[in-house]
Amino acid sequence: MPMSSSSEPVTDDHPETPDIDGAYPRLSAEQIALLDRFGTRREVSAQSTLFCEGDRECDFFVVLAGKVAVVQETDEGLRLIAVHGPGRFLGDLSLLTGQTMYLTAIAQEDVEVLDVPFEGLKDAVTEDAGLGDLILRAFIARRTLHLGVGAGLRILGSKFSADTRRIREFVSRNRIPHKWIDVEEDREAEAILTRLGIAPEKTPVVIHKGTRVLHNPSNVRLAELLGLRESASGSTYDVVVVGAGPAGLAAAVYAASEGLDVVVLDAVATGGQAATSSRIENYLGFPAGVSGGELADRAMIQARRFGSEFTIPGEAASLEFTEGCHVLRLADGAELCAHAVVLATGATYRRLEVPGLEHLEASSVYYAATETEAQLCRGDPVTVVGGGNSAGQAAVFLSKRASEVHLVIRHHDLDRDMSRYLADRISRAPQIRVWRQSEVAELRGDDALESVFIRRLDSDERQTVDTTALFVLIGAVPHTSWLKDQIPLDEHGFVLTGGPTGSGMLETGCPGIFAAGDVRSGSVKRVASAVGEGAIAVRLVHEYLGDGSRR
Ligand SMILES: Cc1cc2nc3c(=O)[nH]c(=O)nc-3n(C[C@H](O)[C@H](O)[C@H](O)COP(=O)(O)OP(=O)(O)OC[C@H]3O[C@@H](n4cnc5c(N)ncnc54)[C@H](O)[C@@H]3O)c2cc1C
């Protein structure tokens, strides 16, 4: 039935899927009447497809009569995901993010649909913001459901392979629904490899449209497949934003909404560090908290709506000023020109320098605790290192999945560097054991982590603790190595702004180059402050561009 894991033929006897978590709402007669003004009514015969996995820039379809099945293509046939009847609409977040569709819609019987081109949908939701909100909420809920059931791509590979991990990380960080099948452990893997004639040593592979196999694709190839990479227009932009975390996304929204030509680059995905947080509880306006991924998706859709372009992956490798213009060279050799630059490259995590880390890092050490990592250590004991909010959040989150969580902090007081509410939650959680004045001194295991040595700093006493995953959340270093010698940095590598080298709050020592968010020296490492700085940076870009003589 709907969301079934088996492959089922698409026949007309599948009942409509019930509305789950607001994912499948029914439009009112008034909402359909509004959309009718922007679309065309069409008869579609049974078994015809309305859109297919891999399609891009699809129309928005409302079912007016009959039923439409949404399916996943697999090498064994079609897997039913949902069935929609009159008043329901099709599609998912990909329609708004510009990504390719990862599911296929097939008429179960002769149906009538309202076919609304994307531009028409934009006009309709401008007239009725409530309709826009309903569609966006439904699309976000669908994406969550699809992530949960592993709809979309299949990734076959070993958990010990660095490339498998790279592919999974890239796809997960971009919040693309997929299913990872471990060739070491999942029985399903052997059957799929045999059916598709793939030798196990040729993994990792990515399978799309059921049977199309990509062998160890690069992130750029995956981005092309998934529709993440918009080709930069080639013209000179008003502003290029480097980094699509909260600071970069805010800069993109404000710049594009104020009429600037803007392109946003990110080496990995939108959302930055924030998108690796399972729940941000202190961001203004979200009393129940918001997942970092949802915040990033909403912001990206908003920025795109105002006309901002995104290039992902797009890793900035160098920056220079030539012929009155800032030229950014990307790691893949592409070049972009802009009158102004907002640096919002954030920071990367600090690693532990202990025996065993290098050998076990790829298989068992994590620098974020999201659903993806939690799935890997279900029912196992895990260790979290760090005394700040990230470590605290990770310990609380993992305690719901792991059998036991060991939280290792170097000092004595849990609430010294951690918000009080988190410290209280940890103290109340029976599954979390806090190791005070301690550090992880060694990692042990052959192919995967089996235990860690925890050393007490005051007595040098060592204890072995069984653990299958180590979460290291001990702060970050700025992502500025590519800027060395070009922009003034502080002694830790963060970008200096204001003061003797820059005249204003976010101005660097170089005219037209601004820094916002965690990458900036002295910044407050919070989502809200990064967003605020992104907005302020755009104001400064306007002042710099002035009357237009620099454009
Ligand atoms: C697990 C976790 C939980 C957190 N929870 C909270 C919370 O609850 N509340 C809160 O306020 N804060 C929280 N934070 C902190 C918050 O997420 C950060 O302060 C915020 O994300 C900083 O935003 P930013 O845009 O400055 O940088 P980042 O979020 O670090 O984003 C920088 C982006 O730049 C990209 N990039 C780097 N180098 C390049 C390059 N050369 N070219 C192109 N792109 C590049 C990166 O890929 C990244 O996407 C949390 C952080 C983590 C890790």
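Given the structure is predicted, the values throughout are model-derived calculations rather than measurements. Residues take their numbers from the sequence shown, with the count starting at 1. Start at 1 and go down the list; that is how both ligands and their atoms are numbered.
At under 3.5 Å, a nitrogen or oxygen of H479, whether backbone or side chain, sits near a nitrogen or oxygen of ligand 1. The distance criterion of under 3.5 Å between nitrogen or oxygen atoms is not met by V519 with respect to ligand 1. Here's the thing with A316: one of its N/O atoms is less than 3.5 angstrom from an N/O atom of ligand 1. The N/O atoms of R526, backbone and side chain alike, include one that comes under 3.5 Å of an N/O atom in ligand 1. Between A530 and ligand 1, a contact under 3.5 Å exists for no N or O pair. Between E315 and ligand 1, no N or O atom pair is found at a separation short of 3.5 Å. Taking distance alone, with nitrogen or oxygen atoms compared against 3.5 Å, N282 approaches ligand 1 more closely than that limit. Looking at ligand 1, you won't find any N or O of I280 less than 3.5 Å from one of its N or O atoms. Taking any N or O of V242, backbone or side chain, none lies under 3.5 Å from an N or O belonging to ligand 1.
Put simply, part of A347 is less than 4.0 Å from ligand 1, judged by heavy atoms. Taking a 4.0 Å cut-off on heavy atoms, A269 registers as neighbouring ligand 1. Assignment of Y349 to the shell around ligand 1 is supported, since a heavy atom sits closer than 4.0 Å. At least one heavy atom of G314 sits less than 4.0 Å from an atom of ligand 1.
Checking P246, G272, G245 against atom 21 (O) of ligand 1, the nearest heavy atom belongs to P246. For atom 32 (C) of ligand 1, the candidate residues are S318, A344, G243; the nearest heavy-atom contact is made by A344. Of the candidates R173, Q273, Q393, it is Q393 that places a heavy atom closest to atom 6 (C) of ligand 1. Of the listed options D266, L295, V268, D266 places a heavy atom closest to atom 47 (O) of ligand 1. When the heavy-atom distances from atom 1 (C) of ligand 1 to L330, V264, T276 are ranked, the shortest goes to T276. For atom 39 (C) of ligand 1, the nearest non-hydrogen atom from the set T345, T270, L483 comes from T345.
Separating the CZ atom in R436 from the NE2 atom in H412 is a distance of 5.5 Å, to the nearest 0.5 Å. To the nearest 0.5 Å, the span separating CZ on R173 from CG on D266 amounts to 7.5 Å. H406 contributes atom NE2, which lies 7.5 Å from atom CG of D466 (distance to the nearest 0.5 angstrom). Atom CG in L398 sits 11.5 Å away from atom CG in D380 (nearest 0.5 Å). Interatomic distance, I474 CD1 to I409 CD1, rounded to the nearest 0.5 Å: 14.0 Å.
Distance from atom 25 (O) of ligand 1 to its nearest protein heavy atom, with residue and atom name: A247 N, 2.9 Å. When hydrogens are left out, the protein atom nearest atom 50 (C) of ligand 1 is S390 OG, 4.4 Å; that is the closest non-hydrogen contact. With hydrogens left out, the protein atom closest to atom 26 (O) of ligand 1 is D518 N, 2.8 Å, a heavy atom.
In the vicinity of K525, heavy-atom distances shorter than 4.0 Å reach the ligand 1 atoms 15 (C), 19 (O). Listed by atom number, the atoms of ligand 1 under 4.0 Å from W482 heavy atoms are 41 (N). Counting atoms of ligand 1 from 1 in the listed order, those under 4.0 Å from a heavy atom of V527 are 10 (C), 11 (O), 12 (N), 16 (C), 17 (O). Near A274, meaning under 4.0 Å from one of its heavy atoms, ligand 1 places the atoms 17 (O), 21 (O). Short contacts between ligand 1 and G346, defined as distances under 4.0 Å to a heavy atom of the residue, involve ligand atoms 27 (O), 28 (P), 30 (O), 32 (C). For ligand 1, the atoms closer than 4.0 angstrom to any heavy atom of G517 are 26 (O).
In this structure, a donor-acceptor pair under 3.5 Å is absent between the side chains of R221 and N216.
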Exercise. What do the steps show when you test Y237 against E309 for side-chain hydrogen bond (donor to acceptor under 3.5 Å, both in side chains), and what is the final call?
Worked result: CA-CA 10 Å; Y237 292 90; E309 291 177 26; 2.7 Å; yes
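The shortest side-chain heavy-atom distance between I167 and P217 falls under the 4.5 Å cut-off.
Using a 4.0 Å cut-off between charged nitrogen and carboxylate oxygen, R143 and D297 do not count as a salt-bridge pair.
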